[in-house]
Amino acid sequence: MPAGGRHVLVTGATGYIGGRLVPELLAAGHRVRCLARSPHKLRDHPWAGRVEVVRGDVTDARSLADALRGIEVAYYLVHALDTGAGFEDTDRRAARTFAEQARAAGVARIVYLGGLTPAGVSPARLSPHLRSRAEVGRIFLDSAVPSAVLRAAVIIGSGSASFEMLRHLTERLPVMVTPSWVRTRIQPIAVRDVLRYLVACAGLPADLNRAFDIGGPDVLTYRGMMRAYAEAAGLPHRLIVPVPLLTPRLSGYWVGLITPVPHAIARPLAQSLRHEVVCQEHDIARYVPDGPGRPLPFDRALRLALRRVRDAQVTTRWSSASVAGVPSDPLPTDPHWAGGSLYTDRRTRVVEASPQALWRVVEGIGGEHGWYSFPLAWAVRGLLDRLVGGVGLRRGRRDAHRLRVGDSLDFWRVEEILPGRLLRLRAEMRLPGLAWLEMWVEQDGAGRTRYRQRAVFHPRGLLGHLYWWSVAPFHAVVFGGMARNIAKAARREAD
């Protein structure tokens with residue numbers, strides 16, 4: 001390990017920033033330990049073999065004590081983008097527990113990425129999301145462990161929630177009736193600069209304990225950001241008409257319907273744009289000098305993000321983190337499972353193609369490729385899910401051809417993938433129960449390629465049973481058509 005390397009802990013490594021920070025820390029010569037509630041989600045990351053992964057939760061003092069043992073610098077990258085009741089209390093409790101356990105373990109520094117708060121605005125007037133982030137920062141600064149709190153506004157990078165929201169609003173609506181917050185002044189920052197500052201915080205002076213505003217060199221309105229995006233993407237001029245009728249709450253629903261970002265995330269993002277978020281200082285440069293062209297200008301950050309999207313090189317997405325409130329129970333493997341009723345729909349087909357051709361189709365499912373059956377039914381199901389606050393069908397994929405454990409895939413998440421053999425998806429749509437979809441690629445005794453598909457549903461209460469039987473008549477069309485069309489696509493792939 002190069003001189004100066006430290007032993008660091010990264011929480012939130014399955015999320016957007018954490019998943020990008022880990023390889024940057026490794027490149028800087030640090031030893032990295034990752035804390036994750038579901039360690040298997042990190043299994044397929046390119047850097048997984050170079051880090052230590054421990055199971056735990058930031059609200060669990062015992063698991064934190066184990067995770068923080070021997071750590072010099074602890075990165076706290078856990079946020080609740082869910083405005084459900086009690087999330088501020090959960091954030092508060094988690095931050096206090098983390099600070100206490102860091103002190104007990106002798107951690108030398110905590111590094112926290114929070115939100116940029118508007119100057120002169122009382123906490124009571126802030127959105128719950130920004131208020132909670134600010135409170136977490138104060139908890140760390142008031143703790144016994146020296147802390148660096150970085151405060152950023154809109155982060156621009158391929159796959160970030162802010163970038164996806166900007167991208168889809170601009171691309172899908174040539175004429176936009178928009179909320180009044182499109183006039184709000186914002187100081188965005190490129191994700192590359194966020195990561196640069198985060199890595200450098202590991203080497204700050206030992207006694208430094210303070211917050212830093214971090215932002216790019218440009219201050220724009222959201223309307224200006226949309227017009228800049230249209231220019232960078234080669235789109236015609238966008239007509240943007242702000243109206244006061246769209247409140248932050250209503251605009252959250254509006255953004256959720258127009259973009260892949262679900263209401264649970266869109267609403268706090270929209271609420272955070274009510275107030276001007278512009279850096280009041282750039283003191284971080286005293287400790288992390290800015291080189292030529294740094295921080296990146298907004299148009300440069302946009303073009304880099306667009307190139308990553310077009311080249312299918314998005315390493316993490318806003319949907320990398322688990323959806324709050326979605327069950328993560330593993331699929332019961334015993335067909336006579338004693339935990340309750342299990343409904344299944346099984347389909348098997350012999351495919352006139354090689355296993356490799358069939359697997360390419362299976363691994364490429366969803367996103368732009370769709371689900372190979374009754375597109376209208378899938379679209380309607382996705383829309384209904386979004387209307388009740390779910391993630392819907394428009395999250396798409398991180399990569400058009402490759403999947404890894406933990407990837408979001410429309411309203412599913414990859415629970416298991418055995419390359420060339422098995423893809424298991426767990427539903428994250430709003431359901432009265434738990435659901436999985438399995439796709440197997442096999443060869444039978446005669447050497448023929450066989451496709452095996454299984455949908456599994458574990459109902460929750462009477463409503464769950466009623467749900468299954470209400471949709472069962474459509475399974476022949478949806479699941480039967482899926483198996484049939486996947487087989488056809490594999491034959492075309494083999495030609």
- prompt: Could you give all pairs that pass the side-chain hydrogen bond (donor to acceptor under 3.5 Å, both in side chains) test and reach residues 44-58, with sequence neighbours left out?
  reply: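 Applying side-chain hydrogen bond (donor to acceptor under 3.5 Å, both in side chains) to every pair that reaches into residues 44-58, excluding sequence neighbours, yields R33-E52, D57-T59.
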For a quick test of reading the model, state the closest non-hydrogen atom pair linking [X] to [Y] and the distance between them.
| X | Y | result |
| --- | --- | --- |
| A144 | P146 | O-CD, 3.8 Å |
| A134 | T117 | CB-CG2, 3.9 Å |
| Q187 | C279 | OE1-N, 2.9 Å |
| P295 | G216 | CB-CA, 4.0 Å |
| L42 | C34 | CD1-CB, 3.9 Å |
| T170 | L166 | OG1-O, 2.8 Å |

Donor-acceptor under 3.5 Å ([X] side chain, [Y] main chain):
| X | Y | answer |
| --- | --- | --- |
| H30 | L25 | no |
| D410 | G366 | no |
| T449 | A353 | yes |
| R397 | S408 | no |
| S158 | R307 | no |
| S147 | V145 | yes |
| H458 | G433 | no |
| S38 | K41 | no |

Verdict with reasoning, H401 to E363, per side chain to side chain contact (heavy atoms under 4.5 Å, CB included): CA-CA 7 Å; H401 306 289; E363 192 175 9; over 6 Å; no
From [atom1] ([X]) to [atom2] ([Y]), nearest 0.5 Å:
| X | Y | atom1 | atom2 | value |
| --- | --- | --- | --- | --- |
| I110 | C201 | CD1 | SG | 12.5 Å |
| S162 | Y16 | OG | OH | 9.0 Å |
| F163 | R308 | CZ | CZ | 12.0 Å |
| L77 | L198 | CG | CG | 6.5 Å |
| L302 | M225 | CG | CE | 7.5 Å |
| R31 | H7 | CZ | NE2 | 4.5 Å |

With a 4.5 Å cut-off on side-chain heavy atoms, are [Y] and [X] touching?
| X | Y | result |
| --- | --- | --- |
| I186 | L220 | no |
| R109 | L208 | yes |
| Y372 | I365 | yes |
| D66 | V54 | no |
| V10 | L35 | no |
| I486 | L358 | yes |
| V191 | R20 | yes |
| T344 | F457 | no |

task: Verify side chain to side chain contact (heavy atoms under 4.5 Å, CB included) between V8 and Y75, making sure each step is shown before the conclusion.
output: CA-CA 7 Å; V8 305; Y75 286 87; 4.3 Å; yes
query: Does R210 make a cation-pi contact with F212, if we ask for NZ or CZ under 6.0 Å from the ring centre and within 45° of the axis?
result: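 Geometry flag: set, cation within 6.0 Å and 45°.
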List the atom pairs, donor and acceptor, that lie under 3.5 Å between side-chain atoms in residues 149-156 and the rest of the protein, sequence neighbours left out.
unit_1	atom_1	unit_2	atom_2	d
R151	NE	D213	OD1	2.9
R151	NH2	D213	OD1	2.8

message: Check this for me: E281, atom CD, are more than 12 non-hydrogen atoms of other residues, nucleotides or ligands nearer than 6.0 Å?
response: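 Buried by this count: over 12 neighbours within 6.0 Å.
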query: Under 6.0 Å from the CD atom of Q443, do we count more than 12 heavy atoms belonging to anything else shown?
result: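 Atom CD in Q443 is crowded, with more than 12 foreign heavy atoms closer than 6.0 Å.
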- prompt: According to the interplanar angle, ranging from 0 to 90°, do the rings of Y197 and H282 count as parallel (below 30°), tilted (30 to 60°) or perpendicular (above 60°)?
  reply: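 Geometry flag for H282 against Y197: perpendicular rings.
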message: For D399 and R402: C-alpha separation, side-chain torsions, deciding distance, then whether salt bridge (charged side-chain N to carboxylate O under 4.0 Å, His left out) applies.
response: CA-CA 6 Å; D399 185 295; R402 298 289 179 265; over 6 Å; no
For residues 135-142, please give each side-chain donor-acceptor pair under 3.5 Å, one per line with the distance, not counting sequence neighbours.
unit_1	atom_1	unit_2	atom_2	d
E135	OE1	R92	NE	3.3
E135	OE1	R92	NH2	3.4
E135	OE2	R92	NE	2.6

task: Would you mind telling me which of R454, R452, R421, R426 makes a salt bridge (Lys or Arg N to Asp or Glu O under 4.0 Å) with E438?
output: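 Only one option passes, and that is R454.
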task: Assess whether side chain to side chain contact (heavy atoms under 4.5 Å, CB included) is satisfied between R398 and R404, documenting all intermediate values.
output: CA-CA 10 Å; R398 177 189 57 83; R404 64 190 183 203; 3.7 Å; yes
Pair [X] + [Y], salt bridge at N-O below 4.0 Å:
| X | Y | value |
| --- | --- | --- |
| E88 | R93 | no |
| R413 | D407 | no |
| E164 | R167 | yes |

- request: Could you go through the salt bridge (charged side-chain N to carboxylate O under 4.0 Å, His left out) check for R43 and E416 one step at a time?
  value: CA-CA 10 Å; R43 186 192 70 191; E416 181 58 276; 2.9 Å; yes
- prompt: With W359, which residues qualify under ring pair (Phe, Tyr, Trp, His ring centres under 6.0 Å), at least two apart?
  reply: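 Listed in chain order: nothing, the list is empty.
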message: Using the side chain to side chain donor-acceptor pair (under 3.5 Å) criterion, which residues pair with Q453? Sequence neighbours excluded.
response: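 Once residues adjacent in sequence are excluded, the partners of Q453 under the side chain to side chain donor-acceptor pair (under 3.5 Å) criterion are Y451.
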field: S132: side chain to side chain donor-acceptor pair (under 3.5 Å) partners, not counting sequence neighbours
entry: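 If we apply the side chain to side chain donor-acceptor pair (under 3.5 Å) test to S132, skipping adjacent residues, the hits are D91.
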- request: Step by step, work out the side chain to side chain donor-acceptor pair (under 3.5 Å) result for N485 and W371.
  value: CA-CA 9 Å; N485 292 326; W371 292 89; over 6 Å; no
